[in-house]
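The shown structure was predicted, so the numbers you read here are calculated from the model rather than taken from an experiment. All values below come from the heavy atoms of this structure, side chains included, with hydrogens, waters and symmetry mates left out. Atoms within each ligand, like the ligands themselves, are counted from 1 in listed order.
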Amino acid sequence: MQITVLTLFPEMFAPVQESILKRAQEAGLLQIRLVNFRDYAISKHKNVDDVPYGGGAGMLLKPEPIFAAIRDLPQPPGKRKIILMSPQGHVFRQEKAKCWSDLEELVFICGHYEGFDERIRELADEEVSLGDYVLTGGELAAMVMIDAVARLIPGVLGEDASAEEDSHTDSLLEYPQYTRPADFEGRLVPEVLLSGHHAMIKRWRRKESLRRTFLRRPDLIKAVTFETDDYPLLEELVLEHVEIAPWKTLWEHLCPPPKRRRRF
Ligand code: ADE
């Protein structure tokens with residue numbers, strides 16, 4: 001996959017040249033190209049920003065350098081998406097990372113300063129935000145998104161590592177994990193994990209995944225597709241946690257209130 005970043009601060013991208021992403025680039029699974037769009041500024045002083053028409057605080061990115069930088073990109077062999085980093089975009093989620101990981105090229109446009117000229121929006125296929133807060137620029141947000149996408153490219157996490165069971169895949173948080181020792185200062189690893197009984201381990205993991213999601217992120221539950229085998233687990237969990245408020249949501253999901261008949 002080719003990732004191209006249009007930025008005024010290419011030197012900020014050192015973190016994506018390290019560790020797993022570095023190895024992915026060395027293995028030819030990922031190329032990261034950094035384009036400083038100041039190089040496309042048309043004025044003598046290479047200005048990339050200007051004051052807003054109508055007045056107001058701060059400076060806005062001018063359209064010409066960004067349009068010129070996009071027009072100068074070589075055509076990718078396959079599907080490309082141009083992403084505008086902006087706190088006004090829809091919030092980045094795991095499904096989006098999964099969907100982007102199948103593309104041939106992703107182009108991130110990183111704004112800086114107070115904002116950008118509205119016409120820059122025309123270039124973008126999508127406008128995406130890292131979260132409901134405002135950063136000084138799109139660079140940190142783009143790095144987070146690059147990391148989330150790159151680890152889903154087949155081969156990037158190595159042969160035996162799988163992203164299938166990650167938190168947020170299927171809208172569920174991942175189950176608790178343990179490694180040796182089985183007894184750490186009296187804190188024991190759940191016995192089922194030592195049993196070698198694969199079906200029981202699978203059941204335990206699914207149940208703990210459901211428990212975690214309900215307890216920590218009940219807001220995610222509406223997007224979960226429950227399987228038939230989940231119902232006995234959900235019933236057990238309701239009994240184990242009757243005192244906890246989020247279970248009300250679960251209970252309502254399991255036993256939806258009967259539809260009221262309309263009275264005429
Ligand atoms: N630029 C400024 N704030 C941002 C945010 N929350 N997400 C993406 N880009 C941004």
Side-chain angles (χ1 to χ4, degrees), residues 1-18 20-21 30 32-41 46-70 73 79-103 105-153 166-169 171 217 219-220 223:
M1 169 184 252
Q2 170 78 54
I3 294 186
T4 303
V5 187
L6 269 58
T7 170
L8 292 172
F9 300 95
E11 56 295 344
M12 278 181 78
F13 284 79
V16 297
Q17 315 292 349
E18 293 295 331
I20 294 175
L21 270 56
L30 175 70
I32 300 180
R33 169 171 56 199
L34 301 170
V35 176
N36 188 339
F37 58 83
R38 193 181 292 282
D39 296 341
Y40 291 86
K46 296 274 176 199
N47 291 338
V48 287
D49 58 346
D50 208 336
V51 294
Y53 277 120
M59 301 287 273
L60 301 180
L61 286 177
K62 292 162 68 58
E64 304 95 319
I66 297 183
F67 270 75
I70 292 283
L73 293 177
K79 184 91 185 78
R80 159 196 283 171
K81 257 193 200 292
I82 301 179
I83 316 296
L84 184 63
M85 296 287 102
S86 148
Q88 295 185 24
H90 55 81
V91 174
F92 183 70
R93 296 176 59 87
Q94 186 70 17
E95 300 106 272
K96 184 59 71 186
K98 180 83 194 91
C99 176
W100 287 352
S101 68
D102 292 333
L103 297 171
E105 184 177 8
L106 268 178
V107 180
F108 292 96
I109 304 176
C110 301
H112 225 86
Y113 311 119
E114 289 305 308
F116 38 78
D117 183 285
E118 187 64 20
R119 290 162 290 187
I120 291 171
R121 289 203 153 87
E122 274 173 39
L123 290 169
D125 297 304
E126 292 183 41
E127 191 168 329
V128 181
S129 166
L130 188 61
D132 290 337
Y133 37 79
V134 181
L135 303 168
T136 53
E139 283 80 7
L140 289 168
M143 277 186 266
V144 169
M145 295 178 202
I146 291 170
D147 190 88
V149 172
R151 64 187 289 289
L152 298 177
I153 299 171
D166 284 341
S167 291
H168 299 290
T169 305
S171 299
R217 295 290 308 274
D219 57 303
L220 294 178

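Nearest heavy-atom pair across Pro65 and Phe37 is CB-O, 3.5 Å.
Between Leu73 and Arg80, the closest side-chain pair of non-hydrogen atoms falls below 4.5 Å. Contact annotation: the side chain of Arg151 never approaches that of Ile20 to less than 4.5 Å [non-hydrogen atoms, C-beta and beyond].
For atom 6 (N) of ligand 1, the closest non-hydrogen atom of the protein is Tyr133 O, 2.8 Å.
Counting atoms of ligand 1 from 1 in the listed order, those under 4.0 Å from a heavy atom of Val134 are 3 (N). Residue Gly137 approaches ligand 1 through these ligand atoms, each under 4.0 Å from one of its heavy atoms: 1 (N).
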Requested in this report: Could you go through the salt bridge (charged side-chain N to carboxylate O under 4.0 Å, His left out) check for Lys98 and Glu95 one step at a time?
Outcome: CA-CA 5 Å; Lys98 180 83 194 91; Glu95 300 106 272; over 6 Å; no

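Heavy-atom separations between Val128 and ligand 1 include at least one value shorter than 4.0 Å.
For the residues Leu135, Ile83, Val91, the heavy atom positioned nearest atom 3 (N) of ligand 1 is part of Leu135.
Taking only nitrogen or oxygen atoms, main chain and side chain alike, Ala141 does not reach within less than 3.5 Å of ligand 1. Where the criterion is an N or O separation shorter than 3.5 Å, residue side chain and backbone included, Leu130 meets it with respect to ligand 1.
Only the backbone of Ser86 comes within 4.0 Å of ligand 1, counting heavy atoms alone; no side-chain atom from C-beta on gets that close.
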